[in-house]
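All ligand and atom numbering here is 1-based and tracks the order in the structure.
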Amino acid sequence: MAPPSLAMNDFTGSPAGVAVSQGPGQPEPTADLRALYQGFERELLIPLWTEIGELMPAEPMPKTSAHLWRWDRLLPLAEQAGELVPVGRGGERRAIALANPGLGGAPFATSTLWAAIQYLGPREVAPEHRHTQNAFRFVVEGEGVWTVVDGDPVAMRRGDFLLTPGWHFHGHHNVSDTPMVWLDGLDIPFAHHMDSAFFEYGADEVSDRSTPERSRAERLWAHPGLRPVSQPRSLPSSPIAAYRWEHTDAALSEQLALEHEGHPGVIEPGHAGVRFTNPTTGGDVMPTLRAEFHRLRSGATTLPRREVGSAVWQVFDGTGVVRVGHSTWTVGRGDLFVVPSWQQLEIGAESELDLFRFSDTPVFEHLHAYRVQVEGAQ
Ligand code: GTQ
Ligand code: FE2
């Protein structure tokens with residue numbers, strides 16, 4: 001259990017004059033003591049003893065809440081935005097962010113992660129820009145949009161995972177007669193809290209209107225286990241612009257098939273998982289973001305697990321039951337849920353269940369602040 005916090009405040013100050021800290025180990029509130037606290041306030045000082053429970057909890061006490069957004073509630077609103085709100089220079093993107101109810105109205109899915117549904121109507125163009133925030137797209141349904149990353153057009157289709165690492169110019173264009181929606185994931189909240197972000201406008205159009213099946217980045221980099229000899233250096237982010245569904249699907253199917261044949265490879269019984277990686281390092285796709293795909297056999301359940309850092313999951317296919325901390329939901333295609341730091345996650349598959357997941361784990365691994373606990377693991 002966390003030690004009790006002496007202060008009841010949440011860095012908001014006390015409305016009714018100066019608060020004198022009371023409770024176990026604290027002196028009686030005399031006039032002198034009140035004067036001391038007034039002195040602290042006047043000089044913009046705050047003693048540790050009123051804040052220690054909040055600042056140094058026994059374990060993470062995230063402000064981020066466990067929460068579920070249902071796809072069938074998001075889609076109609078994205079469509080409405082498509083009719084009513086233009087996309088263009090200034091607003092840049094018709095992206096609608098998940099706003100975690102624990103984060104005071106900020107457009108943040110978790111304290112570090114941005115997750116948004118982006119809508120691009122038929123023939124629409126989202127202008128080019130670049131920012132230091134790292135970004136990806138994940139497609140649950142539809143096709144017809146090319147995202148142009150540093151001049152390289154990248155097709156977006158169901159199941160694909162597409163990268164826009166920090167400071168690469170990018171714009172999107174829909175070459176089809178149907179609208180398209182997808183999930184954006186970025187480290188916007190992390191950059192915001194760290195005061196580290198830069199942004200620049202690029203061309204008002206997209207710089208290359210062609211629509212190749214495969215991007216130049218894929219043609220150079222996306223061959224299993226093969227690296228171009230001309231590119232020996234480690235890169236901070238993966239140069240693979242698109243991780244295609246056919247490969248992800250095959251990798252997950254093979255893990256489960258190997259399990260069926262009595263061979264190792266799955267995470268736990270009935271639970272296959274793959275991580276998208278940077279082929280120049282073997283590490284995560286981008287410095288701040290981890291991305292994975294999970295597949296559970298029908299009837300499989302995961303061991304309860306908690307870890308430092310927050311994650312956002314999206315159901316790609318199938319149905320299941322998800323428990324995060326004290327919340328339990330039945331989930332289906334497109335539904336998005338948030339797992340706050342150090343809250344337990346358990347997933348049960350009602351049918352074969354495919355899930356995309358992203359998290360801020362690399363940040364904590366790099367800072368030697370990562371911990372994970374799996375209940376019932378040997
Ligand atoms: O598509 O470039 O959801 O810059 C948030 C910021 C999408 C994008 C978002 C962005 C983009
Ligand atoms: Fe962007």
Exercise. Can you tell which part of His131 has a heavy atom less than 4.0 Å from ligand 1: side chain, backbone, both or neither?
Worked result: side chain

For this session: Could you check atom 11 (C) of ligand 1 against the protein and tell me its nearest heavy-atom contact, residue, atom and distance included?
Result: Arg93 CG, 3.6 Å

Exercise. Has Arg158 got its NZ or CZ under 6.0 Å from the middle of the six-membered ring of Phe316, at an angle within 45 degrees of the ring axis?
Worked result: yes

Exercise. Can you check whether Pro127 reaches Arg93 side chain to side chain, under 4.5 Å on heavy atoms?
Worked result: yes

Exercise. Taking heavy atoms and a distance under 4.0 Å, where does Gln133 meet ligand 1: side chain, backbone, both or neither?
Worked result: neither

Exercise. Relative to ligand 1, is Leu186 under 4.0 angstrom through side chain, backbone, both or neither, heavy atoms considered?
Worked result: side chain

Exercise. Only one of His170, His168, Glu92, Glu200 forms a side-chain hydrogen bond (donor to acceptor under 3.5 Å, both in side chains) with His131, so which one is it?
Worked result: His170

Exercise. Considering only heavy atoms of His129, which atoms of ligand 1 have at least one such atom less than 4.0 Å away?
Worked result: 2 (O), 4 (O)

For this session: Please report which non-hydrogen protein atom sits nearest to atom 5 (C) of ligand 1, along with the residue it belongs to and the distance in Å to one decimal place.
Result: Trp114 NE1, 3.5 Å

Seminar exercise, completed: The angle formed at the Fe ion (ligand 2) by NE2 of His129 and NE2 of His170 is about (to 10 degrees) 90°

Exercise. Does the side-chain hydrogen bond (donor to acceptor under 3.5 Å, both in side chains) test come out yes or no for Arg306 and Ser341, once each step is laid out?
Worked result: CA-CA 8 Å; Arg306 57 181 182 166; Ser341 186; over 6 Å; no

Exercise. Would Gln373 and Glu307 satisfy side-chain hydrogen bond (donor to acceptor under 3.5 Å, both in side chains), going step by step from the backbone distance to the final call?
Worked result: CA-CA 6 Å; Gln373 217 172 62; Glu307 62 186 314; over 6 Å; no

